[in-house]
Amino acid sequence: MTRVISVCNQKGGVGKTATSVNVSAYLAALGKKVLLLDFDPQANASSGVGINPREIENSVYHGILGYANALDIIKTVPVLDFLHVLPANEHLAGALIEFVDLPNRERLLRRFSNNLRSQYDYIIIDLPPSLSLLTLNGLLAADEVIIPIQAEYYSLEGLGQLLGTIDLIRNNLEHDLKIAGGLITMYDKRERHSREVVRDVRRNFPYHIYDTEIPRSVALAEAPSYGKPVILYDPNSPGAKAYEKLTREIIDQEFDKVIPTTN
């Protein structure tokens, strides 16, 4: 059964797009058929796999509004044959205005992406760093959400608001969105501050936390500028090894009858 996972945190700079891109790449490398769906107007997930948003004629925006067929929008990633990308570009920024007057405006992405489920083992949705109608669409299109949590105290601000939004989606919109897990990112075990944040998150976060902690890594920072996931840029780097380990954890969840919701 297809797993549709949104990667979401309303705070920017926490490794959300890096997680979307690199988990998608490792899933494909491990033999899973994957669609990376970029739903952020900044289109960083698209550029992170070598797609120039300025050079594409149609994007996810055109697909959702019926201006283009999904098969004409989806791109492939060189070397990673099982990884497809549904790119974004600046047109998506205007969707916030256009969606407002449409019926079931919060479920437009779900209606569009449901037609693609049967073709993939995983659909990974990269969401914008805000709580907006785009974010709501991405969460309602997904069955699960991964929440990156940067190993700094500031990253914890607003986390409660995001969890509250997820509860509202469950209760008011009757969508059983599961939290696949919180993910510690940008972790530096040499820094006391990082260690304290991780300790507090593992003690207090009310849902599952992945065992893998994504370290600060030069390779992870450099890879997007080359338009490559880290597996193609520097597969032996600590960041690459961490994302491979995380991806295996995510795959292992397939064999759990219920995704764990508490530590």
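Keep in mind that the numbers below use all heavy atoms, side chains included, and drop hydrogens, waters and symmetry copies.
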Whether S194 side chain and Y187 backbone form a donor-acceptor pair below 3.5 Å: no
Separation between OH of Y120 and OG of S113, rounded to the nearest 0.5 Å: 12.0 Å
Check: A240 main-chain N/O paired with Y26 side-chain donor or acceptor under 3.5 Å: yes
Any side-chain heavy-atom pair of N44 and V21 under 4.5 Å: no
Side chains of I231 and Y243 in contact at under 4.5 Å (non-hydrogen atoms): no
Polar contact flag, side-chain donor to acceptor under 3.5 angstrom, S46-D38: yes
Verify same cluster id: V79, V23 (apolar side-chain graph, 4.5 Å): yes
Euclidean distance, H62 NE2 relative to D72 CG, rounded to 0.5 Å: 12.5 Å
Close side-chain approach of N104 to R111, heavy-atom, < 4.5 Å: no
Test item: H175 side-chain N/O and A142 main-chain N/O as donor-acceptor pair under 3.5 Å: yes
Contact check, side chains of I214 and P148, non-hydrogen atoms, under 4.5 Å: no
Joint cluster assignment, F39 & V14, ILVMFWY side-chain distance < 4.5 Å: no
Intermediate values then yes/no, salt bridge (Lys or Arg N to Asp or Glu O under 4.0 Å), E152 and R216: CA-CA 12 Å; E152 293 184 1; R216 289 191 178 275; 2.9 Å; yes
More than 12 heavy atoms from other groups under 6.0 Å of CZ on R199: yes
Atom of P215, atom of L220 and distance for their closest heavy-atom approach: O-CD1, 3.9 Å
Validation row: I184, V197 side chains within 4.5 angstrom (heavy atoms): no
side-chain contact (heavy atoms from CB on, under 4.5 Å) between H84 and Q119, worked out: CA-CA 11 Å; H84 292 173; Q119 302 173 44; over 6 Å; no
Exam field: side chain R170 to backbone L177, donor-acceptor pair closer than 3.5 Å: yes
Check: T165 and Q10 side chains under 4.5 Å, non-hydrogen atoms: no
Sidechain-backbone polar pair: N89 side chain, R54 backbone, donor-acceptor under 3.5 Å: no
Salt bridge (Lys or Arg N to Asp or Glu O under 4.0 Å) between D126 and K16, worked out: CA-CA 7 Å; D126 186 45; K16 174 185 59 62; 3.1 Å; yes
Pairwise distance CG(L80) to CG(L232) - rounded to 0.5 angstrom: 4.5 Å
Reported CD-to-OG1 distance for the pair E244 and T212, which is rounded to 0.5 angstrom: 10.5 Å
Single hit among R202, K189, K245 for salt bridge (charged side-chain N to carboxylate O under 4.0 Å, His left out) with E213: R202
Side-chain touch P229/S24, heavy atoms, less than 4.5 angstrom: no
Inter-residue atom distance L133.CG - N137.CG, 0.5 Å rounding: 5.0 Å
Minimum heavy-atom distance A45-L36, with the two atoms named: O-CD2, 4.1 Å
Single-linkage hydrophobic cluster L173~I125, side-chain heavy atoms < 4.5 angstrom: yes
L71 atom CG, over 12 foreign heavy atoms within 6.0 Å: yes
Parallel, tilted or perpendicular: ring planes of H91 versus Y61, cut at 30 and 60 degrees: parallel
Backbone of P238 reached by a side-chain donor or acceptor of S217 within 3.5 Å: no
Nearest heavy atoms of L102 and E98, plus distance in Å: CG-O, 3.5 Å
Check against side-chain contact (heavy atoms from CB on, under 4.5 Å), L134 and L136: CA-CA 5 Å; L134 293 181; L136 185 59; over 6 Å; no
Under 3.5 Å: donor-acceptor pair, side chain of E249, backbone of Y210: no
Nearest atoms (heavy-atom pairs only) where L83 meets A25: CD2-CA, 4.1 Å
Closest approach of G182 to I149 (non-hydrogen atoms, all atoms of both residues): CA-CD1, 4.3 Å
Sole candidate of L35, V4, I250 that passes side-chain contact (heavy atoms from CB on, under 4.5 Å) when paired with Y122: I250
Side-chain (D121) to main-chain (K32) donor-acceptor, under 3.5 angstrom: no
Test log, rule side-chain contact (heavy atoms from CB on, under 4.5 Å), inputs I124 and L27: CA-CA 10 Å; I124 306 295; L27 284 169; 4.2 Å; yes
Non-hydrogen side-chain atoms of P87 and I73 separated by less than 4.5 Å: yes
Single-linkage hydrophobic cluster L116~Y67, side-chain heavy atoms < 4.5 angstrom: yes
Taking every non-hydrogen atom, the tightest pair across S59 and L86: C-CD2, 4.5 Å
Verify same cluster id: F99, L140 (apolar side-chain graph, 4.5 Å): yes
